[in-house]
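In what follows, a single structure is set out as structure tokens and then discussed.
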Amino acid sequence: NNHTYCTIVLFGATGDLAKRKLFPSIYNLYRKGLLSEHFAVVGVARREWSNEVFRQNVSASIKEANITAEEQDLERFLTHFRYLSLNVTNAASYQDLNALLCNVEEEFTIPGNRIFYMAMAPEFFGTIGSYLKSEGITNTKGWTRLIIEKPFGRDLESAQKLNDEIRHAFEEDEIYRIDHYLGKEMVQNIGVIRFANALFESLWNNRRIANVQITSSESLGVEDRGGYYDTSGALRDMVQNHMLQMVALLAMEPPIRLATEEVRSEKIKALRSLRPMTAEEVDQYFVRGQYGPGIVSGKEVPGYRSEEKVNPNSKTETFVAGKLLIDNHRWAGVPIYIRTGKRMKEKSTEIVVQFKDLPMNLYNKFEEQLHPNLLIIHIQPDEGISIVLNGKRIGASEETIPVKLDYCNNCEDGINTPEAYEKLLYDAIQGDATNFTHWDEVALSWKFVDIISKTWETSSVSFPNYESGSMGPKAADELLEKDGFSWWPVS
Ligand code: BG6
């Protein structure tokens, strides 16, 4: 199976992502036997580290991730790791890199397959890409692939520029744009729930669905990422990528096959059907917020403007809620509501599909409406599905009560575990790009989001407007109230 024998060249090997996610993920793959002995990891960064220091760091990160590692197993694993201090703007550095790569390829019998993983600040992606090509590093007997982390630009224009740069060295089908939400178990389950269940697929349209709600709330603040976050905000950080990817998976038509290009083309079609807004309409459909001080999990926390490396007058949004409409046959008229924010009440990602009411209510004499049927997809921290139905209240004759059927996939704490990265890395090694975003998806998402950020940049706003520990600003509730709905509490 030597088409999966490969070297992972990790740019940003001394960084946070490598430490928190990538090393533990690579180790998990190794431990599970999903990586043969024919692999190598070449860590690249500016810092002057020796192989030894690098390996110590890899080892520490695996232990910190609470993975039980057998000492011997880990020792052997670490022999596959090399480190190179690289000046990204110096051609000679790349020659050293190439020599090192040839070296490990010989040592571990790897047929020139190379994955270049960009886990670092995006300003050098383009430069690195050009050198990889000009110095012949992408010219191997095996395959070459690029895995690239967010942020993929900060608007359509910069994303396009970045894409053009990396396309000098890699073809579209060699580019794996990571959206770690696509590696989450229950996000991958959306397709199965929809397309493997007659019960849902036959109801999955505007005749039966009243609205869809996607919430991704976080209780943490910006932590030590104030510098990045203050130039980004929730719209770019969460909506352009993770939230719109979930929308696409919920809204897309069934693909004719589970092949990468079929799934992607359905997602692209769904994103193309998003109704664009004019600048004047933005405030009608989108709400922004920024957290003030408050209490989260019993602890007092400061407001966003007092966070480290954040401008004390910052207008950056830490919360976004929006109403999306999809103009196609299946979805015309069905609002899809999204909301995401930092320093909210709890950490939870959840999708609620609310079905339409029946034409009349035979029961509950004093209440006009039955409880609506709901399908809830719990993405994290719990992983599972709930269905809310109506049942008869025991004893009383004509009264109904909502009954909740819960299926729990994994009730352990699954937040941001390395598993998403583990799965995605494995897919990239296998050459399966289905759970990575195609350029067209990125471009369409930016196009949708750009009009919102441009409008917000030029209009005034009074921040902070929600307390830490709350579910966001009041305007986010009013967004649904205008349509006669309300957010279902996250469960
Ligand atoms: C990242 C964002 O993409 O996703 C972070 O940059 C955010 O700001 C994170 O906290 C949320 O991911 P998860 O897996 O914890 O929901």
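Every number for a ligand or one of its atoms is a count from 1 in the order of the listing.
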Taking distance alone, no hydrogens or angles, what donor-acceptor pairs closer than 3.5 Å link side-chain atoms of residues 161-171 to residues at least two apart or in another chain?
residue : atom : partner : partner atom : Å
N163    : OD1  : R177    : NH2          : 2.9
D164    : OD1  : Q160    : NE2          : 3.3
R167    : NE   : F170    : O            : 3.2

Open item on the list: Given the ring of W487, does R339 sit roughly above its face, with NZ or CZ under 6.0 Å from the centre of the six-membered ring and within 45° of the axis?
Closed with: yes
Task: Face-on cation placement of K184 at Y181 ring, 6.0 Å and 45° thresholds - done: yes
Task: Side chain, backbone, both or neither: the part of Y229 lying under 4.0 Å from ligand 1 by heavy atom - done: neither
Residue [X] vicinity, atoms of ligand 1 by number, heavy atom under 4.0 Å:
{"X": "D237", "answer": "2 (C), 5 (C), 6 (O), 8 (O)"}
{"X": "K347", "answer": "13 (P), 15 (O), 16 (O)"}
{"X": "K184", "answer": "13 (P), 14 (O), 16 (O)"}
{"X": "H180", "answer": "1 (C), 3 (O), 4 (O), 12 (O), 13 (P), 14 (O)"}
{"X": "H242", "answer": "1 (C), 3 (O), 4 (O)"}
{"X": "K342", "answer": "5 (C), 7 (C), 8 (O), 10 (O)"}
{"X": "R225", "answer": "2 (C), 5 (C), 6 (O), 8 (O)"}

TODO: Please round to the nearest 0.5 Å and tell me the distance separating atom CD1 of I377 and atom CG of N409.
DONE: 11.5 Å
TODO: Just go through E223, E218, R236 and tell me whose heavy atom is the nearest to atom 10 (O) of ligand 1.
DONE: E218
Open item on the list: Is there a polar contact, in the sense of an N or O pair closer than 3.5 Å, between Y181 and ligand 1?
Closed with: yes
Open item on the list: For ligand 1 and K150, I'd like to know whether there is a polar contact (N/O to N/O, distance under 3.5 Å).
Closed with: yes
- [ ] Before giving the answer on ring pair (Phe, Tyr, Trp, His ring centres under 6.0 Å), spell out for F195 and F200 the whole-Å C-alpha distance, their side-chain angles and the decisive distance to 0.1 Å.
- [x] CA-CA 8 Å; F195 305 130; F200 299 125; over 10 Å; no
Open item on the list: Please confirm whether the ring centroid of F319 lies under 6.0 Å from the ring centroid of Y466.
Closed with: yes
Task: Sole residue of K269, R330, R272 in salt bridge (charged side-chain N to carboxylate O under 4.0 Å, His left out) with E253 - done: R330
- [ ] Apply ring-ring contact (aromatic ring centres under 6.0 Å, His included) to Y27 and list each qualifying residue two or more places apart in sequence or on a separate chain.
- [x] F77
- [ ] Report yes or no: does T349 have a heavy atom closer than 4.0 Å to ligand 1?
- [x] no
